[in-house]
Amino acid sequence: MKPNDVILKSVTRVAAVIILTFSIYLFMNGHHHPGGGFIGGLSMASSIVLLYLSFGVEKVRENIRVDFKKLSAVGVLIAVATGTVSVVFGKPFLTQTFGHFDLPIFGDTELASALIFDTGVALAVIGTAVNIILSISEDR
Amino acid sequence: MNNLLIAPVIIPLLMGMVLIIFQKNIKLQRILSLAALLATSVIAVLLMNQIRNGGIQTLQLGGWKAPYGISFVGDMFSALLLLATSIVSVCCLVYAFSSIGRKQEKLYFYPLFLFLITGVNGSFLTGDLFNLYVFFELFLVASYVLITLGGGQRQLGESLKYIFTNIIASAFFLIGVAYLYSMTGTLNLAHLSMRIAEVGQDGLITTVALLFLIVFAMKAGLLLFFWLPGSYSVPPTAIAAIFAALLTKVGIYAIFRMFTLIFYHEPQITHLFIGILAAITMILGGIGAIGFWDLRKILTYNVVISVGFIMAGLVSLTSTGIAGSIYYLIHDMLIKGLVFMIGGTIVHLTGTSDLKKISGLIRHHPGLGWMFFIAALSMVGIPPLSGFLGKVFTTQGVFEAGYYWLGGIGLLASLFILFSMIKLFMNAFWGETILGVEEEKGTTKGLLLPIALLTLASVAMGIGAEAITGYVAQAAEELLNPNLYIQAVFD
């Protein structure tokens, strides 16, 4: 029997977009305010898991062609590599830097190397969290 | 500031992550993981020489000054253990190439192996208590997966025991960290040492010290070794060898660090307590080693004995005793890796670990037999092999400090080791040859090289002891003078 999940699917279509947007907001907000790579990544992972729950593993896998194991490895690589860049410049490992740039749309923007580090953290968190849920769901 | 200190942690970590991406390509995985571990060994040697010339090296991560940031501290003790870790891990990795099996190799064996080394190296180098906890968890999680890899019924049963024990120990570790933070307001090891020296080590802090002792004793197999003989005898040989060589040693390292740097004010309570634990450990381990007829059980009980013996040097708190412990610790890392590999090879050849069913292996495998003999003599402490100096200095130090009973039990434990190893040697290698070459379950092809390398390293450490005497003496001096460590961190 096919379960009736019309409500779940309809809500997910809207909610997933909202959660994804909010997770990006959390991620960008994290430099000076509450937020950051970890919770940004975690909320993004929650929206992906929501998609998996409502549309089924097969369908989502067709549309998001990402190997989440490799995604988390790439995330850690990015995070550690940003730390290592400071070693090349003769600073202690993990030293971060920032600068102000004039960008076309955003105007005067503060860009920090910590953002790249946080991207790595976010990817690692997304990869790990989704991977955990997927491995549990595969277990029969 | 010395960025080299972070290299032994990030090289295996980065390489492990790269290997996850190239999961299918076994050949590439082998080459890259070997390259990473060899690079770590080179860095360990470089660090040793920098510390020799320039004293204790430090690195404040991200440029945040201690005690606000996380410090990495490399003193001679850490550097020596780092080098021994690298040597053993390279040999175990080469052993794994021809013994671990295609299926395990595809199931992320190499990345996990590298994460294990990352955690161990990180534990040796970190100068922050919470960071120490993180690195402990890192290698423990890797070891949880490694110990269950392959997964027969018995293996899973013993792994569960291993995992539960360690999770409980880790929980106590966190509780201890929380207590210490609430009392002192810091978790930087050097800062902790300063604060406790200022306010004095009162009863409450001593209690927390004992809590930490229980945690690390559980991980090191000091008295609380009930989980050890089972868990170390189930995984594949290469994994069992790296566990026996490294994991208990990290617990020992942590006890040494905590009780020389932070909780050294009340030795008549804490160190005496460690001494009693060490003595009981040696006796129980000795009884286990001579009582069992199972090859792997005998070897695991020998791991337990050596934990007790290494602790005896710490109890003495004299420079001779500590130097002896350091010698014996390094020797033990090499030799435990070695005997576990030889034991695993015997099981691989004969298909059984019951000593009564094995006989006369030396006819077809003379090299294996004699290398085991050398390892056995070295464990007992026959000069000029590597165990000798450790035994002499530790015993001398313990006697100097007036712990005659502990020294006596230590010497008695050597007799237990001698008896159990000779029993193993005579039963497995001497006697009538019951297995022809064609009847053997496996070959030693590719397995003898890492065994020979470790034997060579162990013999070289014994004969070339002169070369490392200076390093060990410096390590002992740094351990006995916490101020050196504190000054290095806060400069």
Side-chain angles (χ1 to χ4, degrees), chain A residues 30-32 36-38 41 65-99 111-132 134-136 138-140, chain B residues 1-25 29 32 36 39 43 57-66 68-74 106-108 110-112 114-115 118-119 121-122 125-128 131 134 138 141-142 145 489:
Chain A
H31 197 57
H32 289 303
F38 190 84
R65 293 174 188 279
V66 180
D67 183 343
F68 286 98
K69 285 189 198 108
K70 285 179 184 162
L71 186 72
S72 45
V74 171
V76 176
L77 268 181
I78 293 174
V80 180
T82 12
T84 324
V85 171
S86 58
V87 174
V88 179
F89 288 107
K91 293 268 163 33
F93 179 69
L94 280 180
T95 305
Q96 308 290 346
T97 176
F98 67 97
L111 288 181
S113 69
L115 196 67
I116 310 173
F117 179 82
D118 252 7
T119 314
V121 174
L123 291 182
V125 173
I126 296 170
T128 316
V130 176
N131 204 15
I132 290 172
L134 283 185
S135 350
I136 296 172
E138 276 162 14
D139 188 52
R140 283 171 224 281
Chain B
M1 186 205 86
N2 185 348
N3 268 320
L4 211 54
L5 279 176
I6 196 74
V9 180
I10 56 171
I11 290 176
L13 179 65
L14 277 178
M15 202 55 96
M17 290 301 165
V18 172
L19 293 190
I20 289 184
I21 298 173
F22 299 106
Q23 180 216 352
K24 297 267 157 52
N25 193 340
Q29 294 217 23
L32 286 183
I43 286 164
Q57 304 288 316
T58 56
L59 170 66
Q60 315 292 353
L61 293 191
W64 298 94
K65 290 266 167 288
Y68 305 108
I70 292 172
S71 319
F72 262 56
V73 187
K106 281 226 170 95
L107 283 173
Y108 303 101
Y110 295 111
L112 286 166
L114 289 175
F115 296 152
T118 308
N121 286 351
L125 287 172
T126 185
D128 184 278
N131 213 223
V134 173
L138 178 56
V141 170
V145 188
V489 173

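Chain identifiers are assigned alphabetically (A, B, ...) following the order of the sequence lines, protein sequences preceding nucleic acid strands; residue numbering begins at 1 within each chain.
Listed by first and then second residue, the side-chain hydrogen bond (donor to acceptor under 3.5 Å, both in side chains) pairs that reach into residues 111-125 of chain A are Gln96(A)-Ser113(A), sequence neighbours excluded.
Put simply, the side chain of Leu77(A) reaches to within 4.5 Å of the side chain of Ile21(B), judged on heavy atoms.
Only the backbone of Lys91(A) comes within contact range of chain B, judged by heavy atoms closer than 4.5 Å. Only the side chain of Leu13(B) comes within contact range of chain A, with heavy atoms under 4.5 Å apart.
Chain B is approached within less than 4.5 Å, heavy atom to heavy atom, by Val80(A), Thr84(A), Val87(A) from residues 80-88 of chain A, ordered by number.
To the nearest 0.5 Å, the span separating CE on Met1(B) from OG1 on Thr95(A) amounts to 8.0 Å.
With sequence neighbours excluded, the residues forming a side chain to side chain contact (heavy atoms under 4.5 Å, CB included) with Phe22(B) are Val18(B), Leu28(B), listed by chain and number. Qualifying side chain to side chain contact (heavy atoms under 4.5 Å, CB included) partners for Ile6(B), counting only residues two or more places apart in sequence or in other chains: Phe93(A), Ile10(B), Leu59(B), Leu61(B), Phe72(B).
Ile20(B) approaches Lys70(A) most closely through the heavy-atom pair O-CE, 3.9 Å. For the pair Gly62(B) and Pro92(A), the tightest heavy-atom approach, listed with the atom from each and the gap, is N-CB, 4.2 Å.
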